[in-house]
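First the structure, in the form of structure tokens, and then the observations on it.
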Protein chains: 2
Amino acid sequence: MRRNNPAGRLPEPPNPIADDGDETHFCRTCAFSGACIAEGYGKPELLELHCLVEHVGPFHAGEHVFRTGDPFRSIFAVRAGTVKTSMVDAEGHEQVLGFYLPGEVIGLNAIYPDHFPCDAVALDTAYFCRFSFPAMSALATRMPAVQQRLFSLISKELGMATLLAGDHNADARMAAFLTDLARRYEERGFSGTRFHLSMSRGDIANYLRLAAETVSRVLSRFRQQELIELEGRELVLRDPERLQQLGRNLLPR
Amino acid sequence: MRRNNPAGRLPEPPNPIADDGDETHFCRTCAFSGACIAEGYGKPELLELHCLVEHVGPFHAGEHVFRTGDPFRSIFAVRAGTVKTSMVDAEGHEQVLGFYLPGEVIGLNAIYPDHFPCDAVALDTAYFCRFSFPAMSALATRMPAVQQRLFSLISKELGMATLLAGDHNADARMAAFLTDLARRYEERGFSGTRFHLSMSRGDIANYLRLAAETVSRVLSRFRQQELIELEGRELVLRDPERLQQLGRNLLPR
DNA sequence: CGGCAAAGATGACTTGCGTCAAGCGCGGTT
DNA sequence: AACCGCGCTTGACGCAAGTCATCTTTGCCG
């Protein structure tokens, strides 16, 4: 097992796949694994879910997983690597919507418009499970736990988007961002106190609706306040509690 | 029929109920009506959906429909009136999440946390259809169109939240807000160029993440640029195209 | 009617963060 | 090695919007 090595300098993939699953088991970190296990579905049902999964990748840093306007047919669960999603507005400005780690799902915001409203770009070498959405919906009608999981995933994403929309100063945004990333890494079995930032300062800034320079300044300040250690993109949280406190207004309760 | 009279001075309800539905028909503006009609469900299925609906209200201005922390059991479709949803953050600051007009659905953001993450308050006299969510989910497993409609509603809400999260100046936010309201009124059969603002300047400001004074100033400027007419809360859009143009970066495409 | 409270408008000032500009360090290329 | 480009940092400055303060309007209730 290769835990606690998210910043590992392996040539490829940089974020190792936690595990691979097989005919009757999910990847351990999979967003859907809980849906079945919780309700005690057996092999036949698992098999059905596996049937509609397709492993895709690798995508290398900078490559698109999907693009704005692509017809919506599938959602993607990240198996390894990191993805950023972003829209460009009417004036051509990029707007980063989110970063997705192994075990997380992208594409849910495409359901309503029925085409992808954003681009998804790999930030490092990334692998995915692709789920046909019509097939998944059909399965959901027979497996309430799958339906519930889908509702839950979309609703969760809605909660996240809402929090970011509040008006908060640069320090609070940054602290919340780091705390949230840490929590998500930890949930997936990685270290929640030291990890690698796969995204540039510019992407962080864009995501937090700040200028890149502001991100730089805030990080410098955090460093001299000994809240964090940071060398390039290698991050250590020195005082997670105080960070969480700083960002508490943006964090889910 | 009582269209184009949203600002009518009827004593109660101020926004008249568009229609009432019966055993086998939905209210004309209902968010779910399309789900069945589109797929040609007949009376038995409609009856099932009607069975899990309960009409509630009136709620008077300032009364809570639900509160933060209430266990999540139902979603609500607005039949008449206007509702605002809001959270209070760790420091006790209110954060307005949205305003909901007749035909729209509130409570979807409660699915994931399984309790309401926000308060819902009537802004004027309001009536609702309450749908038991477990019953609705169960029905959705037998009626794919209902499931699809639920996915779609949540996903749509996600899209809205995302747009508001961008960084835009006060004019763009205000213009987008007015344009969006107009579109939604129009979709429901009301006038899209003259309507009543059920919410205070303070609520608008909070929703747009601006100061109340800024809202006041922007509205004054819009008035003297002849984009709008505004007396108290009675609004006329004089130049909807230019408003839309001003807010285009926040508006769905 | 008159008095009070809340909502809204407007002006003066303050400030957080964006913009601009300069400089550093590092990896890649020739 | 020398050069370049890019990501990142840091400082100086300006502006959009927040804060504070004052005033007007409106609605409400005795």
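Note on naming: letters A, B, ... go to the chains in the order of the sequence lines (proteins, then strands), and numbering restarts at 1 for each one.
- Within residues 164-177 of chain B, the residues approaching DNA chain D are B/N169, B/A170, by heavy-atom distance under 4.0 Å.
- Across D/dC8, D/dT10, C/dG18, the shortest atom-to-atom separation from the side chain of A/S220 is found for D/dT10.
- Regarding contacts with the backbone of D/dA17, every side-chain N or O of B/R209 stays at 4.0 angstrom or more from both OP1 and OP2.
- Contact annotation for A/R221: no contact, since no heavy-atom pair falls under 4.0 Å across all strands.
- Residues passing the side-chain contact (heavy atoms from CB on, under 4.5 Å) test with A/I204 are A/M174, A/F177, A/L197, A/M199, A/L208, A/V215, sequence neighbours excluded.
- The side chain of A/T214 contributes an N or O atom lying less than 4.0 Å from OP1 or OP2 of C/dG18.
- Considering only heavy atoms from C-beta on, A/P102 stays 4.5 Å or farther from A/R188 through its side chain.
- The interatomic distance linking B/M199 (CE) with C/dG8 (C1') rounds to 16 Å, in whole Å.
- Counted by atom type alone, A/S86 and A/E94 present one or more donor-acceptor pairs between their side chains at under 3.5 Å.
- One can place CG of B/L219 at 18 Å from P of D/dT25, the figure rounded to the nearest angstrom.
- Listed nucleotides: D/dC8, D/dG18, C/dT10. Nearest to the side chain of B/S216: C/dT10.
- Residues B/Y127 and B/F59 keep their aromatic ring centres 6.0 Å or farther apart.
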>> Is there a side-chain contact (heavy atoms from CB on, under 4.5 Å) between B/Q95 and B/R209? Walk through the geometry before answering.
In response: CA-CA 8 Å; B/Q95 172 102 268; B/R209 283 58 170 142; 3.0 Å; yes
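- Not less than 6.0 angstrom separates the ring centroid of A/F195 from the ring centroid of A/F190.
- Defining each end axis of the helix from C/dC1-D/dG30 to C/dT30-D/dA1 as the rotation carrying four pairs' C1' atoms onto the next four, with five pairs an end, the two axes are found to diverge by 30° to 10 degrees.
- Distance alone, capped at 3.5 Å, places no donor-acceptor pair between the B/D124 side chain and the B/G81 backbone.
- As a whole-Å value, the separation of B/L208 CG from D/dA17 C1' is 13 Å.
- Nucleic acid contact for B/L210: sugar-phosphate only, since backbone atoms but no base atoms lie under 4.0 Å from a heavy atom of the residue.
- Judged by distance alone, the side chains of A/E91 and B/N249 do bring a donor and an acceptor atom under 3.5 Å apart.
- Across the protein-nucleic acid pair, A/L230 atom CG and C/dG25 atom P stand 17 Å apart, rounded to whole Å.
- Taken to the nearest 0.5 Å, the CG atom of B/L235 stands 9.5 Å off from the CZ atom of B/R194.
- One atom, NE2 of A/H196, and another, C1' of D/dG7, lie 13 Å apart when rounded to the nearest Å.
- For the pair A/L123 CG and D/dG7 P, the computed distance is 13 Å after rounding to whole Å.
- Here the P atom of nucleotide C/dG25 and the CZ atom of A/R201 are 16 Å apart, to the nearest Å.
- Ring-centre distance between A/F72 and A/F66: not below the 6.0 Å cut-off.
- Sequence order on DNA chain D of the closest nucleotides to A/G232 and B/A211 puts A/G232 first from the 5' end.
- The side chain of B/R217 contributes no N or O atom lying less than 4.0 Å from OP1 or OP2 of D/dA17.
- Residue side chain B/E213 reaches the base of D/dC20 through a donor-acceptor N/O pair under 3.5 Å, judged by distance alone.
- One interatomic measurement links the two molecules: CG of A/N206 to P of D/dC8, which rounds to 13 Å at whole-angstrom precision.
- In this structure, the nucleotide among C/dG11, D/dT9, C/dA9 sitting nearest to the side chain of A/R223 is D/dT9.
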